[in-house]
Amino acid sequence: MPLLCIASPKGGVGKTTLTANLADALRRRGRRVLAMDLDPQNALRLHFGVPLADRAGFGPELARGGSWRGHIRQTAAGVALLPHGTVDMAEALTLANALERMPERLTGPVRELLADPSLIVVADLPPGPSRALDLIAPLSDMVMIVLLADAHGAALMPEIDSGRFLGLGGLHGLQPGRLRLVLNQVDYGSRLSRAVAEALARHLGPRLLGAIAREDSVAEALAAQRLVLETAPACRAALDLRELGQAVATALPLPVEAPAAIGAWWAR
Ligand SMILES: Nc1ncnc2c1ncn2[C@@H]1O[C@H](COP(=O)(O)OP(=O)(O)OP(=O)(O)O)[C@@H](O)[C@H]1O
Ligand SMILES: [Mg+2]
């Protein structure tokens with residue numbers, strides 16, 4: 001039932017990394033989780049061990065109005081994955097046009113997933129404003145904005161406070177209670193990173209849901225196409241991810257308890 005969107009005004013801050021690893025953290029808390037890739041970069045799959053040559057996904061299917069359910073995969077981590085699929089320029093434009101003219105091509109499938117009362121859907125969005133965010137933010141229980149603990153992250157505060165960020169569409173009408181922020185790549189060995197993290201924590205108060213340390217183990221997990229809690233469960237970032245999972249689980253509406261065996265729950 002709950003939908004969590006992960007977005008950011010700036011690219012490369014760790015949205016995809018957090019989508020994959022937070023989905024894993026929630027799954028380890030006993031939840032049924034589906035991670036959905038709404039970014040044409042099609043990178044979310046890499047965290048779950050999908051081979052590079054496997055480029056299939058539901059994005060091109062949405063453009064065609066085809067059947068998207070067949071693109072849901074069960075991953076070794078136990079998280080269900082809906083990869084975006086690799087698209088060329090023409091397909092990307094076709095998809096963008098389709099969503100502009102027929103928003104239900106995306107909102108329909110998302111609503112269908114949300115109708116499952118025991119499922120948490122975590123969606124990875126492209127950087128900056130996007131049609132996808134515009135369409136699904138109103139359906140979401142939480143929009144999580146990822147920021148870096150650096151000067152750029154600090155400079156975004158007036159925009160975030162006023163709601164004038166990520167475009168005037170999607171987030172403008174969001175109830176403030178649904179917007180949460182996470183600091184990623186906090187470098188505890190850096191004076192600037194620490195100072196910004198402390199200042200942002202003071203400024204944001206309860207809107208700040210958590211902070212994730214910058215550690216090689218996070219990037220190395222991606223290099224191994226695996227998840228941090230699996231490859232480096234004792235590192236600082238793993239601890240941070242578990243805490244973030246707990247904060248998210250507490251903040252989201254409670255889904256119905258997951259059945260003991262997940263099985264092929266989507267095959268219906
Ligand atoms: N906490 C972290 N510690 C170390 N490296 C990290 C951390 N988080 C993310 N990274 C690395 O930063 C890079 C960018 O991360 P990621 O692709 O998740 O960002 P993104 O916001 O999804 O990017 P884009 O805007 O292009 O979609 C990756 O190489 C990733 O491994
Ligand atoms: Mg990304």
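First listed ligand is number 1; within each ligand, the first listed atom is number 1.
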How close does the nearest protein non-hydrogen atom get to [atom], and which residue and atom is it?
{"atom": "atom 27 (O) of ligand 1", "result": "Gln41 NE2, 3.1 Å"}
{"atom": "atom 18 (O) of ligand 1", "result": "Thr17 OG1, 2.5 Å"}
{"atom": "atom 29 (O) of ligand 1", "result": "Leu222 CD2, 4.5 Å"}
{"atom": "atom 11 (C) of ligand 1", "result": "Gln185 NE2, 4.2 Å"}
{"atom": "atom 19 (O) of ligand 1", "result": "Gly14 N, 2.9 Å"}
{"atom": "atom 8 (N) of ligand 1", "result": "Asn184 ND2, 3.0 Å"}

Under 4.0 Å from atom 25 (O) of ligand 1, is there any protein heavy atom?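 So far as the 4.0 Å threshold goes, atom 25 (O) of ligand 1 is in reach of a protein heavy atom.
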
* Without swapping roles, check the side chain of Arg178 against the backbone of Ser140 for a donor-acceptor pair under 3.5 Å. =>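 Between the backbone of Ser140 and the side chain of Arg178 there is a qualifying donor-acceptor contact (under 3.5 Å).
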
Between Arg45 and Asn42 (side chain of the first, backbone of the second, donor and acceptor by atom type, cut-off under 3.5 Å), is there such a pair?
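Indeed, once roles are kept as given, a pair shorter than 3.5 Å links the two residues.
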
| query | Just one of Leu22, Leu125, Thr16 clears the side-chain contact (heavy atoms from CB on, under 4.5 Å) bar with Ile6, so which one? | reply |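 Answer after filtering Leu22, Leu125, Thr16: Leu22.
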
- Query: N/O/S of Thr16 less than 2.8 Å from the Mg ion (ligand 2)?
  - Reply: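 True for Thr16.
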
Counting only nitrogen or oxygen atoms and a 3.5 angstrom limit, does [X] reach ligand 1?
{"X": "Asp124", "value": "no"}
{"X": "His47", "value": "no"}
{"X": "Arg214", "value": "no"}
{"X": "Lys10", "value": "no"}
{"X": "Gly12", "value": "yes"}

Next on the checklist: Could you work out, for atom 2 (C) of ligand 1, the closest of Ile6, Val218, Asp240 by heavy-atom distance?
Outcome noted: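 It is Val218 whose heavy atom sits nearest to atom 2 (C) of ligand 1.
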
Proximal candidate to atom 5 (N) of ligand 1 [heavy atom criterion; set Glu215, Glu220, Lys15]: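 The residue whose heavy atom sits nearest atom 5 (N) of ligand 1 is Glu215.
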
### Query
Is it true that Leu239 and Leu244 fall in one hydrophobic cluster, defined by side-chain heavy atoms closer than 4.5 Å?
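Different hydrophobic clusters.
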
Check each atom of ligand 1 against the heavy atoms of [X] and keep those under 4.0 Å away; list them by number with element.
{"X": "Val13", "value": "19 (O), 20 (P), 21 (O)"}
{"X": "Gly11", "value": "25 (O)"}
{"X": "Ala219", "value": "31 (O)"}
{"X": "Asp39", "value": "27 (O)"}
{"X": "Ala213", "value": "1 (N), 2 (C), 3 (N)"}

**Distance in Å, Leu18 CG paired with Met144 CE, rounded so as to fall on 0.5 Å steps** =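 With rounding to 0.5 Å, CG (Leu18) is 7.5 Å from CE (Met144).
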
Inter-residue atom distance Leu44.CG - Leu82.CG, 0.5 Å rounding:
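With rounding to 0.5 Å, CG (Leu44) is 9.5 Å from CG (Leu82).
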
Exercise for the section: Could you tell me whether Asp116 and Arg32 have a side-chain N and a carboxylate O separated by less than 4.0 Å? Expected result: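 Yes.
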
Discussion item. Please determine whether a side-chain nitrogen of the Lys or Arg among Glu112 and Arg69 lies less than 4.0 Å from a carboxylate oxygen of the Asp or Glu.
Written reply: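 Judged by the 4.0 Å cut-off on N to carboxylate O distance, Glu112 and Arg69 do form a salt bridge.
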
*asked:* Would you say CZ of Arg242 has more than 12 non-hydrogen atoms from neighbouring residues, nucleotides or ligands within 6.0 angstrom?
replied: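 Enclosed: over 12 neighbouring heavy atoms sit under 6.0 Å from CZ of Arg242.
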
TODO: Check step by step if side-chain hydrogen bond (donor to acceptor under 3.5 Å, both in side chains) holds for Arg236 and Tyr188.
DONE: CA-CA 10 Å; Arg236 169 73 197 252; Tyr188 291 98; 3.2 Å; yes

**Message:** Whether the Asp24 and His47 side chains hold a donor-acceptor pair (N or O, under 3.5 Å, no angle test) is what I'd like checked.
**Reply:**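 On atom types as modelled, these side chains do not qualify, holding no pair under 3.5 Å.
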
Decide yes or no for Val121 and Pro2: does some side-chain heavy atom of the first lie under 4.5 Å from some side-chain heavy atom of the second?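 Side-chain contact under 4.5 Å: no.
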
